[in-house]
Amino acid sequence: MDRVYIFDTTLRDGEQSPGASMGPQEKLKFAKQLETLNVDIIEAGFAVSSPVQFDAIRMIADEVRKPVICSLARAVEGDITAAGKAIASADRKRIHTFIATSPIHREHKLKMSKEEVLKRAIHAVEFAKTFTSDVEFSAEDATRTEVDYLCEVVEAVIAAGATTVNIPDTVGYTFPTEFQKIISTLFEKVSNIDKTVISVHCHNDLGMGVANSLAAVHAGARQIEVSMNGIGERAGNASLEEVIMSMSVRKDIFPYEFGINTREIYKTSKLLIAIIGIPVSPYKPVIGKNAFSHESGIHQDGFLKERSTYEIMTPEQIGRPSSEIVLGRHSGRHGLKVRLKELGYELEAEDFDKVFVKFQELADKKKAVYDDELIAIMEENTGVQTPDIYEISQVQIVSGNNAIPTATVRIVQAGQVKQEAATGNGPVDAIYKAIDRIAGVQVELDDYEVTSISAGQDAMGEVSVTVRRDGKVYSGHASDTDILMASAQAYMNAINKIIYMEQKTK
Ligand code: KIV
Ligand code: ZN
């Protein structure tokens with residue numbers, strides 16, 4: 001039992017959180033990525049809750065072969081039957097049935113006695129066993145349940161055949177030392193506990209989801225229920241990336257095996273963001289934009305001398321592009337010198353001093369100074385200008401509530417006209433795809449911002465974009481009364497800088 005099983009509930013608890021709902025095709029796409037990430041169990045949904053949920057689970061059961069495919073079901077026969085039908089085609093299938101055990105839920109929600117809840121739990125497990133041998137039982141709101149009663153319920157459901165028993169901290173109420181004690185008590189008092197896997201499912205209302213899950217592992221839990229990016233009811237669930245990287249970085253404290261391919265973490269997180277459209281905070285551990293960025297001069301200096309001074313894991317471990325030295329107002333001379341060298345400039349001391357002063361002036365005005373802006377500072381000293389390699393001459397858009405957004409973009413390069421059309425998720429996406437086709441440069445759009453720089457109906461809109469290519473960030477800016485035109489020009493501006501810099505540093 002030195003393996004910790006990873007049960008992913010992004011498609012169930014995660015998907016039921018506000019704004020995170022997904023269609024069956026999107027769920028299937030994400031489930032396939034979870035298979036590549038190598039999670040042990042995918043909780044694909046709550047079959048009885050809607051026909052769309054049912055279909056999504058069925059499609060995942062049909063097509064995703066490696067992980068166990070699971071459906072949630074309340075402890076009632078109708079739910080369990082729907083779950084059993086939805087997962088029927090899976091190679092490995094699980095029904096996850098639950099009932100609340102705490103006095104608050106028994107009294108106010110269920111209006112049931114302890115005895116009635118216990119009877120229902122046993123029957124649910126026995127009934128679920130008629131569909132699959134792999135049955136998980138959850139004692140909802142376990143952390144606010146009388147511990148002796150929790151032990152009684154756990155013992156009874158194991159006797160009824162539950163192969164996994166989950167102890168959820170449904171409302172994110174417990175704390176690591178307390179939760180560890182609850183799990184230890186179960187191991188001490190439940191006579192048949194060795195016949196099941198003890199699982200935990202921790203919500204994040206007080207920011208303890210990951211800490212509580214890991215504390216439970218110390219007490220003997222061997223399944224952790226997690227969601228990608230930590231999405232889930234209210235403040236979300238323990239996040240997969242934090243749980244996994246904690247166990248990976250601190251193997252000395254957590255000497256357990258797990259199946260996750262950590263190099264797929266970043267890709268999985270990005271896919272989820274693209275599907276549900278909910279970004280994560282830049283400060284989010286492991287996957288946030290700043291998680292591997294170093295800005296202060298002292299940190300940059302230390303990191304450049306030996307990366308482990310300020311990094312406990314590498315971005316490569318989770319499949320992210322390399323760490324970033326963000327040049328900004330707190331950066332020092334060492335960081336700037338290294339970056340300029342990477343860009344192909346080695347300056348005499350006197351020239352470097354001049355560039356450093358100009359860099360500081362610019363850094364004082366804005367959040368970060370990107371490579372192309374450094375080049376511009378350099379070129380002000382040598383008089384060379386970044387040429388407009390491509391110039392936009394025309395942008396035509398078809399868009400609207402009944403139209404597939406389509407853009408036709410015409411560009412002039414050295415007197416030659418090039419034209420491409422593309423469709424996209426929206427007009428801006430379509431424009432950017434058409435430009436990508438013409439320029440033949442693949443980039444990742446990191447940021448897109450529109451601001452109004454004058455008032456009234458003919459207000460000028462300013463568009464700023466930052467794009468990423470091979471780990472380097474480039475910016476583009478443009479303004480126009482037509483924000484789609486400004487969007488096109490800002491993007492073109494960034495692409496031109498990439499082409500120019502790549503030619504220059506070849
Ligand atoms: O938070 C919870 O208690 C749940 C159960 C259904 C496991 O999501
Ligand atoms: Zn939950």
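First listed ligand is number 1; within each ligand, the first listed atom is number 1. Only heavy atoms go into these numbers, but all of them, side chains included; no hydrogens, no water, no symmetry mates.
- Under 4.0 Å from ligand 1, the heavy atoms of R12 that appear belong solely to its side chain.
- Between F254 and H218, the ring planes lie parallel to each other; the angle is under 30°, not in the 30° to 60° tilted range.
- By the 4.0 Å N-to-carboxylate-O rule, K284 lies close enough to E241 to be salt-bridged with it.
- Of the residues listed (T101, N192, V165), the one engaging V154 in a side-chain contact (heavy atoms from CB on, under 4.5 Å) is V165, and it is the only one.
- Ordered by chain and number, D13 OD2, H201 NE2, H203 NE2 make up the set of protein N, O or S atoms under 2.8 Å of the Zn ion (ligand 2).
- For atom 4 (C) of ligand 1, the nearest non-hydrogen atom of the protein is H201 NE2, 3.5 Å.
- Judged purely by distance below 3.5 Å, without hydrogens or angles, the side chains of Y448 and S487 pair a donor atom with an acceptor atom.
- Remark: R144 does not engage D169 in a salt bridge, criterion side-chain N to carboxylate O under 4.0 Å.
- Among protein heavy atoms, atom 3 (O) of ligand 1 sits closest to T170 OG1, 2.6 Å.
- Each of the following atoms of ligand 1 lies closer than 4.0 Å to a heavy atom of E140: 3 (O).
- Relative to the ring axis of Y256, R222 places its NZ or CZ within 45° and under 6.0 Å from the centre.
- For H96, the closest heavy-atom approach to ligand 1 falls below 4.0 Å.
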Decide yes or no on salt bridge (charged side-chain N to carboxylate O under 4.0 Å, His left out) for K93 and D134, but give the supporting numbers first. CA-CA 7 Å; K93 41 182 169 277; D134 186 344; over 6 Å; no
Let's go through Y491 and Y432 carefully: what are the C-alpha distance in whole Å and the side-chain angles of both, what is the deciding distance for ring-ring contact (aromatic ring centres under 6.0 Å, His included) to 0.1 Å, and is it a yes or a no? CA-CA 7 Å; Y491 191 68; Y432 290 3; 3.8 Å; yes
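- For ligand 1, the atoms closer than 4.0 angstrom to any heavy atom of D13 are 8 (O).
- Not counting sequence neighbours, the partners of E63 by the salt bridge (Lys or Arg N to Asp or Glu O under 4.0 Å) test are K32.
- Under 4.0 angstrom from ligand 1, the non-hydrogen atoms of H203 all belong to its side chain.
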